[in-house]
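Quick notes on the structure that follows.
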Amino acid sequence: MAGRIVLFGATGYTGELTAEALVRRGEKPLLAGRSPQKLAAVAQRLGGGLETATADVADPPSIRNLLERGDVLVTTVGPFTRWGEAAARAAIDAGAHYLDSTGEAPFLRRVFQEFGPEAEKAGIGMLSAFGNDWVPGNLAGALALKEAGARARRIDIGYFATGGGAGGGMSAGTRASAVASISEPSFAWCGGRIVAERMGRKVRKFGIEGRELDALSVGGSEHFALPRLETNLLEVNVYLGWFGKATRSLQLATAGMSAVFAVPGVKQLFEAGASRVVKGSGGGPPAEARAGARSMFVAYAYDVADQLVSEVRLDGPDGYSLTGELLAWGAEQARDGKLRGSGALGPVDAFGLDRLQKGCASLGLRALSAADRIR
Ligand SMILES: NC(=O)c1ccc[n+]([C@@H]2O[C@H](COP(=O)([O-])OP(=O)(O)OC[C@H]3O[C@@H](n4cnc5c(N)ncnc54)[C@H](OP(=O)(O)O)[C@@H]3O)[C@@H](O)[C@H]2O)c1
């Protein structure tokens with residue numbers, strides 16, 4: 001019998017979007033979270049008939065008890081730097097495939113370097129950051145690498161909000177995650193290996209719809225996953241282009257913060273204070289704001305002489321809708337035995353480029369032809 005899809009965090013903003021996407025696909029996920037009342041309300045909004053179960057990250061066995069071998073756990077309980085470990089370990093222990101909605105570099109690094117080898121031994125796939133962060137950059141990067149082949153030495157990837165701007169801003173959970181992960185070092189793929197690097201160490205410009213936009217460097221799953229596709233790749237850079245004119249000031253701020261957090265005790269004080277002030281579970285952009293927003297994802301591949309050899313641009317829906325759709329699609333594929341490996345997997349390792357590209361296209365994330373690209 002095929003396993004179930006268990007959605008942990010179903011009462012949150014992204015969790016409910018994911019539940020809606022699963023139900024639209026004809027799935028009947030088990031909705032899990034810490035509040036029985038909120039779970040009952042979500043199940044009702046989704047038309048009734050869905051099972052619910054209570055689990056709390058403060059009580060790790062309660063998450064383990066949700067799962068059986070062959071299930072797929074989708075978790076949207078963040079900030080992952082603070083709360084993510086219990087769900088990841090429960091999936092490994094149960095022998096359940098795992099997907100999460102994180103975008104946090106410190107947690108991603110743990111998935112690839114710490115949980116991944118354990119997941120491989122357990123024979124399960126771990127698909128971390130299987131949302132707007134960082135699936136589109138992996139897809140754009142893999143398509144650019146396919147074209148560049150063994151000539152590729154460096155790849156630069158950019159994420160941008162287009163159409164209706166930022167689509168109504170960030171969810172409370174995204175803000176809480178940004179604050180929870182900012183005191184930890186990020187990383188990059190540089191010189192053919194993962195190196196610690198602060199967020200915002202680099203800024204570069206991308207041509208987007210007739211404007212030159214600044215974007216700030218961040219750690220994504222591209223740094224771990226793209227070098228698996230092209231072993232000549234020496235440098236992977238991922239940039240966020242959401243901050244407009246504030247990008248340069250943010251770069252200065254992240255430099256200042258990394259100096260301050262190096263002082264013993266400051267990081268712990270900051271984390272304790274920030275977790276009291278910045279809280280999740282406060283909703284996110286309403287459907288009307290999301291409907292007017294679009295996203296653009298760019299990948300540039302360069303050769304050993306730093307000459308551009310390929311360029312790919314993807315157009316997609318707003319980031320939150322896309323995250324719910326991607327998690328639902330990925331969970332269904334994993335449940336149906338379509339994973340091509342075990343351990344910590346990038347989106348292309350997990351499904352192969354063709355299946356991933358077709359799946360993304362069905363969710364509205366499509367490559368633009370050269371004629372449709374407005375730089
Ligand atoms: N990768 C991407 O592109 C992307 C896109 C969207 C979101 N995200 C990330 O996904 C995460 C969720 O975002 P969101 O906007 O949905 O946040 P949210 O609305 O705050 O949802 C957080 C969820 O976690 C649950 N939770 C919190 N503490 C818990 C605990 N102790 N035990 C069990 N459940 C607990 C909350 O339950 P209650 O309802 O009971 O409070 C809620 O269901 C964040 O880390 C965010 O950064 C990433």
Side-chain angles (χ1 to χ4, degrees), residues 6-19 29-36 38-39 42 52-67 71-94 96-116 118-119 124 126-134 170-186 219 221 267-268 270-284 320 323-324 327 331 344:
V6 178
L7 176 59
F8 184 42
T11 57
Y13 177 71
T14 308
E16 193 163 345
L17 290 177
T18 308
L30 171 64
L31 306 177
R34 61 181 167 175
S35 158
K38 281 192 186 180
L39 285 167
V42 173
T52 63
T54 312
D56 193 312
V57 283
D59 173 21
S62 68
I63 311 175
R64 173 66 185 81
N65 289 341
L66 298 171
L67 300 170
D71 287 347
V72 177
L73 175 65
V74 179
T75 171
T76 57
V77 174
F80 287 82
T81 308
R82 197 177 302 139
W83 301 131
E85 177 167 358
R89 292 211 180 279
I92 294 169
D93 193 43
H97 296 307
Y98 166 97
L99 289 88
D100 73 42
S101 68
T102 194
E104 298 162 47
F107 185 73
L108 253 178
R109 187 172 184 157
R110 288 191 74 193
V111 170
F112 276 89
Q113 296 184 334
E114 184 183 334
F115 306 138
E118 293 172 37
I124 63 147
M126 288 197 106
L127 280 68
S128 196
F130 207 81
N132 184 73
D133 309 348
W134 304 101
M170 286 181 185
S171 74
T174 302
R175 278 195 298 276
S177 287
V179 171
S181 58
I182 203 154
S183 64
E184 298 279 341
S186 184
S221 60
K267 195 160 85 81
Q268 290 74 6
F270 171 83
E271 282 165 1
S275 64
R276 276 199 295 273
V277 178
V278 186
K279 292 197 183 298
S281 305
Y320 288 102
T323 298
L327 286 168

Name all residues meeting the side chain to side chain contact (heavy atoms under 4.5 Å, CB included) criterion together with Thr54; count only those two or more places apart in sequence or in a different chain, and write none if there are none. Pro36

Mind checking whether Phe107 and Phe115 have side chains closer than 4.5 Å, heavy atoms only? yes

Rounded at 0.5 Å granularity, tell me how far CG in Leu99 sits from CG in Leu7. 10.5 Å

Sorted by chain and number, sequence neighbours left out, side chain to side chain contact (heavy atoms under 4.5 Å, CB included) with Thr174 holds for Met170, Ser171, Tyr320

Using the side chain to side chain donor-acceptor pair (under 3.5 Å) criterion, which residues pair with Asp71? Sequence neighbours excluded. Arg4

For Thr323 and Leu17, what are the C-alpha separation, side-chain angles and deciding distance, and is it a side chain to side chain contact (heavy atoms under 4.5 Å, CB included)? CA-CA 8 Å; Thr323 298; Leu17 290 177; over 6 Å; no

How far apart are the C-alpha atoms of Arg82 and Val57, what are their side-chain angles, what is the distance that settles it, and do they pass the side chain to side chain contact (heavy atoms under 4.5 Å, CB included) test? CA-CA 10 Å; Arg82 197 177 302 139; Val57 283; over 6 Å; no

CA sep, side-chain torsions, deciding dist, call: Tyr98, Phe130, side chain to side chain contact (heavy atoms under 4.5 Å, CB included): CA-CA 10 Å; Tyr98 166 97; Phe130 207 81; over 6 Å; no

Heavy-atom closest pair, residues Leu108 and Ala129: CD2-CB, 4.2 Å

Going by the rule salt bridge (charged side-chain N to carboxylate O under 4.0 Å, His left out), which residues pair with Glu114 if we only count those two or more places apart in sequence or in a different chain? Arg89, Arg110

Separation of Thr75 OG1 from Leu327 CG (nearest 0.5 Å): 9.5 Å

For the residue pair Pro185 and Pro106, what are the closest heavy atoms and their distance? O-CG, 4.3 Å

First locate atom NZ of Lys38, then atom OG1 of Thr52, and finally report the distance between them rounded to the nearest 0.5 Å. 14.5 Å

Phe8: ring-ring contact (aromatic ring centres under 6.0 Å, His included) partners, not counting sequence neighbours: none

Point-to-point distance, once rounded to the nearest 0.5 Å, from NE2 of His97 to CD1 of Ile92: 13.0 Å

Decide yes or no on side chain to side chain contact (heavy atoms under 4.5 Å, CB included) for Phe80 and Ser101, but give the supporting numbers first. CA-CA 9 Å; Phe80 287 82; Ser101 68; 3.6 Å; yes

Of all heavy-atom pairs linking Gly284 and Tyr13, the shortest is N-CD1, 3.4 Å

Considering all heavy atoms of both residues, which atom of Ser186 and which atom of Gly219 are nearest to each other, and what is their separation? OG-N, 3.1 Å

Minimal heavy-atom distance between Ala96 and Ile124, with the atoms involved, is O-CD1, 3.2 Å

If you compare all heavy atoms of Ile63 against all heavy atoms of Ala87, which two are closest, and at what distance to 0.1 Å? CD1-N, 4.0 Å

Leu73 CG to Leu66 CG distance, which is reported to the nearest 0.5 Å: 7.5 Å

With Ser128, which residues qualify under side chain to side chain donor-acceptor pair (under 3.5 Å), at least two apart? Asp100

Side chain to side chain contact (heavy atoms under 4.5 Å, CB included) against Asp93, all qualifying residues, sequence neighbours excluded: Arg64

